[in-house]
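Note that the structure is a prediction, hence the values are computed from the model and not measured. Both backbone and side-chain heavy atoms feed into the values below; hydrogens, waters and symmetry mates do not.
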Amino acid sequence: MGKKKKKKNPQQQTLLSPVNYLKEKARTLEIGKCYMTDDIMEVGEGQIIVTRRHKSGKTSAAIYMVDTFCLGVKESIFKLRMDEFETRNLLLHIDITLGLHEVTYNEAHNMVYGAIAFAEEAGIKPHKNFSWTKYMLEEDTDEIPLIEFEYGKNGKHFLVAHSNLEANRYLPTLRKNLGDDFDYIIDDGDSDLDDDDYNAFNEDADDSEHGERFMPNRQNRSSYNEIMTEYTYKHPKYPILTMPENPQLKKILYSDNVPTDNEINAILALPHDSLRRDLEAVLLDCMAKTCDGITDEMWNKDFTYEAMNAVTLLGEVGNGDSSLDTLLEMLRQPDQTFEYYFGDFMTEIFITPLYANGQKRLDKLMGFFKEEGLYDFAKVTILTVIEHITNLQSERRNEIIEWLREALRFATEKLPEAQYVDSTTAGFLASCCVEAKAKELLPEIKAMFDTGFVDTNIVGDYDETERIINSGENHFANHFEPDIHKRFAELR
């Protein structure tokens, strides 16, 4: 006789993932209290919290990180089925940190959707997590009474970027959609300019060529001519993945959760050669799906971690040849691809795999650095790998110095064109030389600064760069984590 088929527990049949629970059940819950951080409109950034009550007494909540000056919903998270003390501690933490006051649901709803609409005028979409967390809000229909808020600053979109990388991520889109009709600053968090300094500097900047504003580091107000690379990469045709050599990978990689320790161990128990080929194929398949743009349907579908998982695992089983080629090809992709697959975590995800696969292939890293029409944040990621080799393998210093010498000469030659090296990339190249304490490269560093195109907000002008190199100061931020379980734990 054959074995009887085991019946499933009815509760197991109705168990929903957190994301599916949001989509199917959140709007059936009663709306609870809503909150907004203090001075959100004045400072241009803050959090909006919407809660819903379960019949059991538990609370679910969505937290929307909203930029009212320009970017709309920059991030959002949700918490499900919190006990009373968890809810209280969550609100208390935000209140202590930012200040919090209660608002009506209609105020919270209109603030979130109004900020999204304002950002979309500039071509900025809400963070991809909003495709989930929007279900904690009611549908945005005429049934919700309209409350108008004033967005922007002085009647314009006003980008407050916390780094040059963040600025370069948004500026091309803002320019494309708004022309010159916006302002921006770069505030790296180290500046302690008072309001008078801030206002005086911005008044001086009003007459700039593009009418845009930025605030340099307080210690360094030297000017430079900002140039940016225009993305022009023409991608090849990427293969579509039908079935991996190891079919069991699909269930784990294409999940809306980061793999558990047991799943990671199961993956790594597979033959490493076939596993590597599968991971490379997964990434090429990801590129095939997004290289020509991302549809609204794709933005709105359930997010899965296949790209993050594959990149992270290649740091463990990559071969330094085809694996490095695949990682570099991913770095050549359009900015929407990075936003779609990696959000703001590109450095944290890519550094260890690039270091593991590229540390002995400096020729390939140099070739990538010299390519035309790539985004600067991709090249900055390569420079970060060079910094890691410098700091973690001191015996290779001479080799790194010669790599940097070649990069400096190339940058000096190509900077005026912008299409190979732009202001941001040049600034980070100078920073890389600082980390290498490259006194022998000071003539090449000065020649690069003398072009007038190096972003002085990153490491300072040439005099400051020379001073730091001669002082031996070290500001190295180590993003290399050799333990793959810890890397996945950070993703969780």
Side-chain angles (χ1 to χ4, degrees), residues 31-52 59-79 87-122 124-130 132-138 140 144-163 166-167 169-170 174 178 182-189 191-195 198-199 202 213 215 343-344:
I31 294 174
K33 292 185 177 181
C34 300
Y35 305 88
M36 192 179 296
T37 52
D38 297 339
D39 302 324
I40 185 172
M41 301 303 292
E42 289 77 12
V43 302
E45 192 170 273
Q47 299 182 11
I48 297 167
I49 304 165
V50 173
T51 70
R52 289 191 178 256
T59 300
S60 290
I63 304 173
Y64 304 92
M65 278 63 89
V66 175
D67 179 340
T68 66
F69 281 174
C70 184
L71 300 178
V73 175
K74 293 179 65 176
E75 173 64 287
S76 59
I77 61 174
F78 62 89
K79 303 276 188 179
T87 306
R88 185 173 61 251
N89 287 345
L90 172 69
L91 297 173
L92 180 62
H93 173 75
I94 298 174
D95 188 28
I96 292 172
T97 307
L98 300 172
L100 203 62
H101 62 277
E102 188 172 344
V103 296
T104 66
Y105 171 76
N106 287 343
E107 288 175 305
H109 180 105
N110 279 276
M111 175 67 78
V112 171
Y113 275 103
I116 289 173
F118 184 72
E120 286 179 340
E121 292 176 11
I124 306 296
K125 293 179 178 291
H127 189 275
K128 60 180 178 290
N129 286 0
F130 187 71
W132 310 333
T133 57
K134 69 181 181 182
Y135 292 98
M136 286 291 289
L137 300 166
E138 297 292 283
D140 188 35
I144 306 295
L146 179 64
I147 301 174
E148 294 188 355
F149 294 95
E150 185 176 344
Y151 299 97
K153 187 174 177 68
N154 299 326
K156 295 183 178 181
H157 289 77
F158 183 67
L159 172 66
V160 180
H162 300 294
S163 69
E166 185 179 15
R169 178 178 165 192
Y170 291 113
L174 293 174
L178 300 176
F182 72 95
D183 296 322
Y184 77 97
I185 64 170
I186 299 172
D187 182 3
D188 60 9
S191 175
D192 57 1
L193 291 174
D194 59 28
D195 289 340
Y198 178 96
N199 293 332
N202 281 337
R213 307 168 180 175
M215 181 172 65
D344 297 322

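No more than 12 heavy atoms of other residues, nucleotides or ligands lie within 6.0 Å of CD in Glu148, so this atom counts as exposed by the packing criterion.
The main-chain N or O of Ala119 is never found under 3.5 Å from a side-chain atom of His157 such that the two would form a donor-acceptor pair. Judged purely by atom type and a 3.5 angstrom limit, Thr37 has no side-chain atom pairing as donor or acceptor with the backbone of Ile40. Remark: side-chain polar atoms of Asn110 are paired, donor with acceptor, to backbone N or O of Asn106 under 3.5 angstrom. Here the side chain of Tyr64 pairs a donor or acceptor atom with the backbone of Thr133 at under 3.5 angstrom.
Contact annotation: the side chain of Leu91 approaches that of Tyr35 to within less than 4.5 Å [non-hydrogen atoms, C-beta and beyond]. Under the 4.5 Å side-chain criterion, counting only non-hydrogen atoms from C-beta, Leu174 is in contact with Leu178. Using a 4.5 Å heavy-atom threshold, the side chains of Ile116 and Asp140 count as separate. Using a 4.5 Å heavy-atom cutoff, the side chains of Glu120 and Pro126 are in contact. In this structure, Lys153 and Val160 have side chains that are not in contact, with every pair of non-hydrogen atoms separated by 4.5 Å or more. Counting only heavy atoms from C-beta outward, the side chains of Met136 and Ser60 approach each other to under 4.5 Å. Counting heavy atoms from C-beta outward, Met65 and His127 have side chains that stay 4.5 Å or more apart.
Between Phe118 atom CZ and Leu71 atom CG the span is 10.0 Å, to the nearest 0.5 Å. Rounded to the nearest 0.5 angstrom, Lys79 NZ and Thr59 OG1 are separated by 13.5 Å. Atom-to-atom distance recorded for Ile186:CD1 and Leu159:CG is 8.5 Å, nearest 0.5 angstrom. Interatomic distance, Phe149 CZ to Thr68 OG1, rounded to the nearest 0.5 Å: 10.5 Å. With rounding to the nearest 0.5 angstrom, the CD atom of Glu102 is 11.0 Å from the CD1 atom of Ile49. Rounding to the nearest 0.5 Å places CZ of Phe130 at 12.5 Å from CD of Glu75.
Phe69 approaches Glu42 most closely through the heavy-atom pair CZ-O, 3.5 Å. Of all heavy-atom pairs spanning Met36 and Met111, the tightest one is SD-CE, 3.8 Å.
Judged as a ring-ring contact (aromatic ring centres under 6.0 Å, His included), and not counting sequence neighbours, the contacts of His109 are Tyr105, Tyr113.
Of the candidates Asp67, Ile124, Asn129, Val66, Asp67 is the only one forming a side-chain contact (heavy atoms from CB on, under 4.5 Å) with Lys74.
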request  = Take Val50 and Val112 through the test side-chain contact (heavy atoms from CB on, under 4.5 Å) and record every step on the way to the result.
outcome  = CA-CA 10 Å; Val50 173; Val112 171; 5.9 Å; no
